[in-house]
Amino acid sequence: IILWNSALKSLAEGDSPCDAIRLFHRLCDASLTPDTFTCSFVLKACSRLMENSIGRTVHGYVVRLGFTSDLFLQNTIVHMYSSSGLMDDAQRLFDKMPQRDVVTWNILITQYTKWGEMEAAHELFDQMPERSVTSWTAMIAGYVQCKKPAEAIRLFGQMEEAGAEPNEVTVVGVLAACADLGAMDLGRRVHDYLNQCGYQKNVRVCNTLIDMYIKCGCLEVAQKIFNEMQERTIVSWSAMIGGLAMHGKAEEALGLFSKMTQIGLRPNNVTFVGLLHACSHMGLVDEGRRYFASMTRDYGIIPKIEHYGCIVDLLSRAGLLQEAYEFIKNMPIKPN
RNA sequence: UUAUCACCAGAACUCC
């Protein structure tokens, strides 16, 4: 069963979680008895696929196998229901659980925020017996995601008052809120703080810092952080390219893009939005068209509505209205 | 041997 579990784990965490479910069925057919680990991996696969009907079946197995007192597994089930849209089922299970831990609460809080139900999330947050850093972070990130950055920052203040230590993930949320608000003063303070903690080595932290400085109009600092990063991801590059475009530095954006491809990093669809945006603001019609073509030809990226939007924008700004109109009429996807 | 919670980048319109 251990071997099966290991295989299940990697499938559940890989890019084809439905294979984990298939394997689980084979395991059952082979009349092996799943243990708690087995169940947790299938449930994880279900969560990732938003497969709540299979998830419910697995929940049934868990009950039949007598695993209901395993808190770890119960939490996984709460996660499965809530992340796949069945908040009511999740809440019902939560309500009748004989014991809960901070993770149980965090899961439900996070999922309420994901579905935009900040009031419900906050109510749970107020009710929970003890809060971990994750609880605070989940709420802060939730407010950011719901476009309430001021609330996020207010909560961050309360977190400090409560004496909880923010970690890397927390600061990402706070920095994102600063970016949305253009609150560079607080952003800088957080930046100082994270330098002291050594968090500046974290790629996601740096990416968010870059984004924050860009949104606050401080391109130089963003660029400096980008240059000094020990390791960059596609997000780092895309943020920087998009930032340069945002500030009218199309040449530099295009230059950075070619540097990126030279080192063999593959752009993704977001990178192309930034690039096309740069072209559109500089009136680089031909370049824009070339990048648009290269996107699919060289990188196999299927353009989405936002890419078509960029081209329409590019053509229209350049005064090529007729062509823009033709382009819309010929789009293979439905224009919005 | 293995399991559960939080975090990063993107166009156009409006406002700033």
Side-chain angles (χ1 to χ4, degrees), chain A residues 1-10 12-13 35-44 47 70-80 82-83 101-111 113-114 131-142 144-145 166-177 179 181-182 199 202-212 214-215 222 226 232-243 245-246 267-281 303-314 316-317 324 335-336:
Chain A
I1 193 70
I2 292 166
L3 244 37
W4 287 82
N5 286 351
S6 300
L8 270 174
K9 173 185 158 70
S10 49
E13 290 169 356
D35 63 8
T36 56
F37 289 88
T38 319
C39 297
S40 73
F41 295 128
V42 204
L43 286 162
K44 182 173 204 166
S47 292
D70 187 316
L71 184 52
F72 220 105
L73 199 47
Q74 291 297 305
N75 286 344
T76 314
I77 297 169
V78 173
H79 184 249
M80 182 277 297
S82 56
S83 65
D101 63 5
V102 68
V103 173
T104 326
W105 290 85
N106 288 345
I107 290 172
L108 212 54
I109 288 175
T110 304
Q111 296 305 324
T113 73
K114 291 268 149 75
R131 292 167 197 89
S132 64
V133 179
T134 299
S135 324
W136 289 99
T137 305
M139 285 301 297
I140 291 172
V144 173
Q145 198 201 262
N167 64 14
E168 295 98 317
V169 183
T170 321
V171 302
V172 167
V174 178
L175 288 171
L181 286 170
Y199 295 166
N202 181 305
V203 188
R204 290 180 187 219
V205 167
C206 288
N207 291 345
T208 315
L209 269 176
I210 289 174
D211 185 50
M212 189 273 294
I214 286 169
K215 300 268 168 68
F226 179 83
R232 300 178 194 88
T233 63
I234 186 63
V235 175
S236 328
W237 289 90
S238 301
M240 207 56 235
I241 290 170
M246 221 174 267
N268 67 11
N269 54 331
V270 179
T271 323
F272 275 104
V273 171
L275 264 188
L276 296 173
H277 187 196
C279 294
S280 130
H281 282 269
K304 297 206 276 192
I305 189 75
E306 51 268 42
H307 302 104
Y308 289 100
C310 286
I311 295 293
V312 173
D313 182 48
L314 169 74
S316 304
R317 279 182 205 270
N336 65 9

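Note that the coordinates shown come from a computational prediction; the quantities given were computed from them, not determined experimentally. Just so we're on the same page: letters track the sequence lines, and every chain starts at 1. All values below come from the heavy atoms of this structure, side chains included, with hydrogens, waters and symmetry mates left out.
A sub-4.0 Å separation between OP1 or OP2 of C8(B) and a side-chain N or O of Lys215(A) is absent.
Residues satisfying the side chain to side chain contact (heavy atoms under 4.5 Å, CB included) test with Thr233(A), not counting sequence neighbours, are Val203(A), Asn207(A), Val235(A), Ser236(A). With sequence neighbours excluded, the residues satisfying side chain to side chain contact (heavy atoms under 4.5 Å, CB included) with Asn5(A) are Ile1(A), Leu8(A), Asp35(A), Phe37(A), Thr38(A), Phe41(A). Qualifying side-chain hydrogen bond (donor to acceptor under 3.5 Å, both in side chains) partners for Ser135(A), counting only residues two or more places apart in sequence or in other chains: Asn106(A), Ser132(A).
Between Phe72(A) atom CZ and A3(B) atom P there is a gap of 7 Å when expressed in whole angstrom units. The distance from atom CG of Leu175(A) to atom P of C8(B) is 12 Å, rounded to the nearest whole Å. In this structure, the CG atom of Asn268(A) is 12 Å from the P atom of G10(B), given to the nearest Å. The distance between atom CD1 of Ile2(A) and atom P of A3(B), rounded to the nearest whole Å, is 13 Å. Between the CD1 atom of Ile241(A) and the P atom of A9(B) there is a distance of 16 Å, given to the nearest Å. Distance, Asn5(A) CG to U4(B) C1': 15 Å, rounded to whole Å. Summarising the geometry, the separation between CG on Asn207(A) and C1' on C8(B) is reported as 5 Å, rounded to the nearest angstrom. Rounded to an integer number of Å, the gap from Glu13(A) CD to A3(B) C1' is 9 Å.
Contact check for Phe272(A) versus Pro267(A): side-chain heavy atoms found under the 4.5 Å cut-off. Between Lys44(A) and Lys9(A) there is no side-chain heavy-atom pair separated by less than 4.5 Å.
Here Asp35(A) lies out of heavy-atom contact (under 4.0 Å) with every strand.
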Could you pull out all donor-acceptor pairs under 3.5 Å where a side-chain atom in residues 166-177 of chain A meets a protein atom, sequence neighbours excluded?
unit_1	atom_1	unit_2	atom_2	d
Asn167(A)	OD1	Val169(A)	N	3.0
Asn167(A)	OD1	Thr170(A)	N	2.9
Asn167(A)	OD1	Thr170(A)	OG1	2.9
Thr170(A)	OG1	Thr137(A)	OG1	2.8
Thr170(A)	OG1	Asn167(A)	N	3.1

Atom pairs, N/O to N/O, protein against nucleotides 5-7 of chain B, distance under 3.5 Å?
unit_1	atom_1	unit_2	atom_2	d
C5(B)	O2'	Thr110(A)	OG1	3.3
C5(B)	O2	Asn106(A)	ND2	2.5
A6(B)	N1	Asn167(A)	ND2	2.9
C7(B)	OP1	Lys114(A)	NZ	3.0

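Remark: the backbone N or O of His281(A) is not paired with any side-chain donor or acceptor of Arg317(A) at under 3.5 angstrom. A donor-acceptor pair is defined here as one N or O able to donate and one able to accept, closer than 3.5 Å; such a pair exists between the side chain of His307(A) and the backbone of Asn269(A).
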### Query
For every nucleotide of nucleotides 11-16 of chain B, 5' to 3': is a protein heavy atom under 4.0 Å from its base (B), only from its sugar-phosphate (S), or from neither (-)?
SSS---
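A side chain to side chain contact (heavy atoms under 4.5 Å, CB included) with Leu276(A) holds for exactly one of Asp313(A), Leu314(A), Ile311(A); it is Ile311(A).
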